[in-house]
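For reference, positions follow the sequence shown, starting with 1. What's counted below: heavy atoms across the whole structure, side chains too, no hydrogens, waters or symmetry copies.
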Amino acid sequence: MFDIAYLDIPALTRTGGKVRLPGSKSISNRVLLLAALSQGKTKVHDLLASDDTAVMLTALRQLGCVIEPTHDGVTIEGLAGKLSGGNATLFMGNAGTAMRPLTAALAMLGGEFELSGVARMHERPIGDLVDALRQLGCRIDYLGNDGFPPLRLHARQPGQLQLGEPIRVRGDVSSQFLTALLMALPLVATRDIHIEVMGELISTPYIDITLNLLARFGIHVARDGWQRFTIPAGSQYQSPDDIYIEGDASSASYFIAAGALFHGPVGHNCLEIQGLGTASIQGDIRFVEAARMMGAQIESTPNSLRISPAQQVKGASSWPLKAIDLDCNHIPDAAMTLAVMALYAEGTTVLRNIASWRVKETDRIAAMAHELRKLGATVEEGRDYLKITPPANAGEWKTAPIHTYDDHRVAMCFSLAAFNPAQLPIRILDPQCVGKTFPDYFETLFSVAQADSVNIPVICIDGPTASGKGTLASKVAQALGYHYLDSGALYRLSALAASRAGVSLDDAAGVALIAQSLPVRFDGDHIFLGQEDVSEAVRTEAAGMAASRVSVHPEVRTALLSLQRSFRKLPGLVADGRDMGTVIFPDATLKIYLTASSLHRAERRHKQLISKGNSAILQDIRQDLEARDMRDTSRTTAPLKPADNAKLLDNSELSVEKSVVQVLDWWQGTRPF
């Protein structure tokens, strides 16, 4: 997952390949709680690993659950409806799927509990659930504003629960209130318990998920439409032993949309989503219907979806996408993706019955309207609807930093704006917020998205030996969420592999043959040759001298040319070396020539060697550096020199941190934001 302040996404052109989605958040947190309440041990497979599930797992452990991680999920030893301890202070983050059901379950189990979360959680209403629980005789206090977390739950006396009358709960604020009651009340079902929904029940598909999972755990709830639900007397949770989590249908919506946004040749650039299909129990699978209405070409099986670009079909154009007018009550989360797809539609798209957006991780109606306008759309915002008219043409599109409001779905939705016809990049602020449900979202998107290479930005940092270019380049790459290429390591690896193969470093053809098929991989600070971590082996003084010997061979440099250019991948690349800006990436967006005096460079190298327990003489190191500089600058092929348009950075007196800040400032100057 990206842990950076912002992520710049280059203009994307198409998608293709296969995607396996993370597990559904809605199903994951429901299953975790149901397993914890059950009799027996439950093996949960394909569990979503995210911030919200981590919150739930932490809370369940605090309550006495024994939870063991497995290769694809967890095993939970259920509490059989009884707590081992009756007191706990639980932090629920911003996880509504954990906060609300746990509140109801703990109220039924009894004990003293305090539940709180992040600031936004304390703005998300819970009053209707608390009112329903108070009807039953539960004692619950607000510790802040009435109607909102944090909460304190108090222990109750035996026989205090009042189960004779129907429990009434509003249905027009959040379906999670009803879900919470449906999951909690089987714990006290000494008689039939009736729940009545007041007003229209929103997000009914999420109640379907709840009822389906309750049945898997032995609880069969009867319902009369969507207004009255009956939990039968004697209900008791029983583990299903094994349960598998479906791929997240809401997350699928971004890839369905991405697959539809390229209007290219028929049969090309198809995107397959695995682990989710027509057999899904999630309401958001109906996003497929809405996407088809807009022109997406989707083939479905019980466990997969195959998306083809909107295109010319039987003489009828499916591009641009078609505007729709849709009641989105059945796909409340996935409908956000339609708001961004509307940017690519002809006409005005209207999304109705989305009032629940206002009480999610942020006020999503206001947030989506504000960010869509930044991109050039005309947006009308109502209490429970959005009307979106896209930019009239490519020239009307704008680019902007997208504020994400600590809302994972806002961040993922607006990544799709990178497919814009104006070929403008998009900046996503606070991209790590996707960790709530899909920590690897951007990595997954970039694995199937494609861009014209000229649009994939490259920062080149060239300079002499020991100037600190490797440290600077890796930290800049980390700050931007970009890939990193240590080109010097490729020459060191070539020399290492040649030596191991018994090839002389003076044998240009022999070293070149080895170099052209190096199985190299960079992983943070580690360098792999095949499966072997050779980080230490290639960072010795001897390895550096060997690299200098093989780098003078034109055959070796030619052999490594295509390998180095292959590192230019989404979302961007920071490359360091001696000819990155002059030869390898002459079209780089930003070129820097980093240097320092030979004395400063020798002192740094001396300090580095001493810290590793190696003996070293400063004067000898300085002489070696100067000799290497001479070889690098005087060689016939790709000599070391600043690129014509490179920015010069002398870091003799600069810390690494200040050097990074300077490079990022220069980088920002190249951006259109």
### Summary
Note: A104 and L133 closest approach over all heavy atoms is CA-CD1, 4.0 Å
### Query
Should the pair Y482 and W667 be assigned to parallel (<30°), tilted (30 to 60°) or perpendicular (>60°) ring geometry?
perpendicular
### Query
For T210 and T179, does a side-chain donor sit closer than 3.5 Å to a side-chain acceptor?
yes
### Message
Any donor-acceptor pair under 3.5 Å linking the side-chain atoms of Q282 with those of E246?
### Response
yes
### Task
Would you indicate whether E68, at its atom CD, is surrounded by more than 12 heavy atoms from other residues, nucleotides or ligands within a distance under 6.0 Å?
no
### Test: D52 and K25 ion pair at under 4.0 Å
yes
### Query
What do you reckon, are the aromatic ring centroids of H45 and Y244 less than 6.0 Å apart?
yes
### Query
Without hydrogens or angle criteria, can the side chains of H408 and E361 be said to hold a donor-acceptor pair below 3.5 Å?
yes
### Message
Whether the R352 and N329 side chains hold a donor-acceptor pair (N or O, under 3.5 Å, no angle test) is what I'd like checked.
### Response
no
### Message
Is it the case that the ring center of Y254 lies less than 6.0 angstrom away from the ring center of Y441?
### Response
yes
#### Entry: Heavy-atom neighbours of E165 CD exceed 12 at 6.0 Å
no
### Summary
Correct closest heavy-atom pair for F217 and S239 would be CD2-CA, 4.3 Å
### Query
Looking only at side chains, do S250 and D284 share a donor and an acceptor under 3.5 Å apart?
yes
### Task
Please determine if R364 and D333 form a salt bridge, counting it only when a charged side-chain N lies under 4.0 Å from a carboxylate O.
yes
### Query
If you draw a 6.0 Å radius around CD in Q478, do more than 12 non-hydrogen atoms from other residues or ligands fall strictly inside?
no
N/O donor-acceptor pairs under 3.5 Å from side chains in residues 353-360, not counting sequence neighbours:
| from | atom 1 | to | atom 2 | distance (Å) |
| --- | --- | --- | --- | --- |
| N353 | ND2 | D327 | OD1 | 3.2 |
| N353 | ND2 | D327 | OD2 | 3.4 |
| W357 | NE1 | P332 | O | 2.8 |
| R358 | NE | R383 | O | 3.2 |
| R358 | NH1 | D363 | OD1 | 3.1 |
| R358 | NH1 | D363 | OD2 | 2.9 |
| R358 | NH1 | E381 | OE2 | 3.2 |
| R358 | NH2 | E381 | OE2 | 3.2 |
| R358 | NH2 | G382 | O | 2.6 |

### Nearest non-hydrogen partners of L375 and A400, listed with the distance
CD2-N, 4.4 Å
### Query
When you check the side-chain N and O atoms of H154 and D141, is any donor under 3.5 Å from an acceptor?
yes
### Summary
When every non-hydrogen atom of L372 is compared with those of A339, the smallest separation belongs to CD2-O, 3.8 Å
### Task
Determine whether more than 12 heavy atoms belonging to other residues, nucleotides or ligands lie under 6.0 Å from atom NZ of K475.
no
#### Entry: salt bridge (charged side-chain N to carboxylate O under 4.0 Å, His left out) involving E123 - partner list, sequence neighbours excluded
R120
### Message
Restricting to non-hydrogen atoms, name the atom on G81 and the atom on L187 that form the minimum distance, rounded to 0.1 Å.
### Response
CA-CD2, 3.9 Å
### Query
Among side-chain atoms of S253 and T337, is any donor-acceptor pair under 3.5 angstrom?
yes
